Amino acid sequence: MTLLKLHDLLLECYGPQHWWPARTSFEVMVGAVLTQNTAWTNVEKAIANLHTAQAMEAEVILHVPQRRLAAWIRPAGYFNVKTKRLRNFCAWYVARGGEKKLRRVDTAVLRHELLSINGVGPETADDILLYAFHRPVFVIDAYTRRLLSRLQLAAGDEPYEHLREHIETRLQGETRGQRETVSLYNEYHALIVRHAKEFCRPRPRCEICCLARRCPTAAV
DNA sequence: ACCCAGGGTCATA
DNA sequence: TATGACCATGGG
């Protein structure tokens, strides 16, 4: 089993996932912060509140009273923490001149700057790089570690950067250009998340049987 | 009542 | 470097 074959198997099983679900790339970034350790259905409610309030905008998020912002994003949980994180991100976003300017910044520089924001860790930064800026960065979450670990494609407990380099290197030879790499990484992460949801409920089953749609307990 | 979700920070050893 | 506490809502 190679990493590319795993992707093909997941794609065959679940089909294209069309990530990231959002109207704009700024909404992707906001969603990336709000979804930290939080069910996406809860994030959707928070995002809907922001749209209703005409607040899906960096300047609004920055200048509205803190309690009002907290009220809008409340369904996403950790609202006190995430209010500050959202503001930290928006402060950087505005100071950096917005999306137009940011589009031309080198990926490594962009990644370093994102990681320097309090409240933006490696997974959130990579979500933003891949799904908002369309950069060839592989996103790693707990699902990725568990799946690759169980299929013995990785140890599972290695440092984030190590695992990312490992995966990107192993997929590098399989693709031709950057655009192809971006769309591969895009689908791959989305499919892993999709598979995790499928796999976890109602209870964990055999990963490989599940992937082949031949899980003996699939009907349970 | 309990468990988890599309993580990250900070204090401590 | 590596644990552990903490953050908080909503659905199964």
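Because the structure is predicted, anything quoted here is derived from the model rather than measured. All chains are named by letter (A, B, ...) in the order of the sequence lines, taking the proteins before the strands, and each is independently numbered beginning at 1.
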Tell me: [atom1] of [X] to [atom2] of [N], nearest whole Å?
| X | N | atom1 | atom2 | result |
| --- | --- | --- | --- | --- |
| A:H195 | B:dA5 | NE2 | P | 14 Å |
| A:D157 | C:dT1 | CG | C1' | 13 Å |
| A:E158 | C:dA2 | CD | C1' | 16 Å |
| A:R74 | C:dG10 | CZ | C1' | 11 Å |
| A:E187 | B:dG6 | CD | P | 17 Å |
| A:Y143 | B:dC4 | OH | P | 11 Å |
| A:E198 | B:dG6 | CD | P | 13 Å |
| A:I47 | C:dT9 | CD1 | C1' | 15 Å |

Can you tell me how far [atom1] in [N] sits from the matching atom in [M], rounded to whole Å?
| N | M | atom1 | answer |
| --- | --- | --- | --- |
| B:dG8 | C:dG10 | P | 22 Å |
| B:dG6 | C:dC6 | P | 24 Å |
| C:dG4 | B:dC4 | P | 16 Å |
| C:dA8 | B:dC2 | C1' | 16 Å |

So do [Y] and [X] actually touch side chain to side chain, heavy atoms under 4.5 Å?
| X | Y | answer |
| --- | --- | --- |
| A:L9 | A:K5 | no |
| A:Q36 | A:E123 | no |
| A:V193 | A:W19 | yes |

- In B/S/- notation (B base, S sugar-phosphate only, - none; protein heavy atoms under 4.0 Å), nucleotides 7-13 of chain B written 5' to 3' is BBSS---
- Message: Near DNA chain B, counting only heavy atoms under 4.0 Å, which residues of residues 17-28 of chain A show up?
- Response: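 Output list: A:W19, A:W20.
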Assess, by modelled atom type and distance only, whether the side chains of [X] and [Y] contain a donor and an acceptor separated by less than 3.5 Å.
| X | Y | value |
| --- | --- | --- |
| A:T83 | A:N80 | no |
| A:Q17 | A:H189 | no |
| A:H166 | A:E158 | no |
| A:Y78 | A:N37 | yes |

- Query: Which part of the nucleic acid, if any, lies within contact of A:K45, taking any heavy atom under 4.0 Å across all strands shown: a base, the sugar-phosphate backbone alone, or nothing?
  - Reply: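 If one applies the 4.0 Å heavy-atom cut-off, A:K45 turns out to touch the sugar-phosphate alone, with no base involved.
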- Message: Taking any heavy-atom pair under 4.0 Å as a contact, classify A:D127: base, sugar-phosphate, or nothing.
- Response: nothing
- Query: Partner of B:dA11 by Watson-Crick or G-U wobble geometry, both contacts under 3.5 Å, or none?
  - Reply: C:dT3
- Which of these, A:L110, A:I128, A:L130, sits in a side chain to side chain contact (heavy atoms under 4.5 Å, CB included) with A:R135?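 So, applying the side chain to side chain contact (heavy atoms under 4.5 Å, CB included) to A:R135 and each of A:L110, A:I128, A:L130, only A:L110 qualifies.
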- Heavy-atom nearest pair, A:F26 first then A:C90, reads CZ-SG, 3.9 Å
- Message: Below the 4.0 Å mark, does B:dA5 have OP1 or OP2 next to a side-chain nitrogen or oxygen of A:N42?
- Response: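 For A:N42, the contact criterion (side-chain N or O under 4.0 Å from OP1 or OP2 of B:dA5) is not met.
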- Query: Is a side-chain N or O of A:T35 found less than 3.5 angstrom from the main chain of A:A32, in a donor-acceptor match?
  - Reply: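 A pair under 3.5 Å: no.
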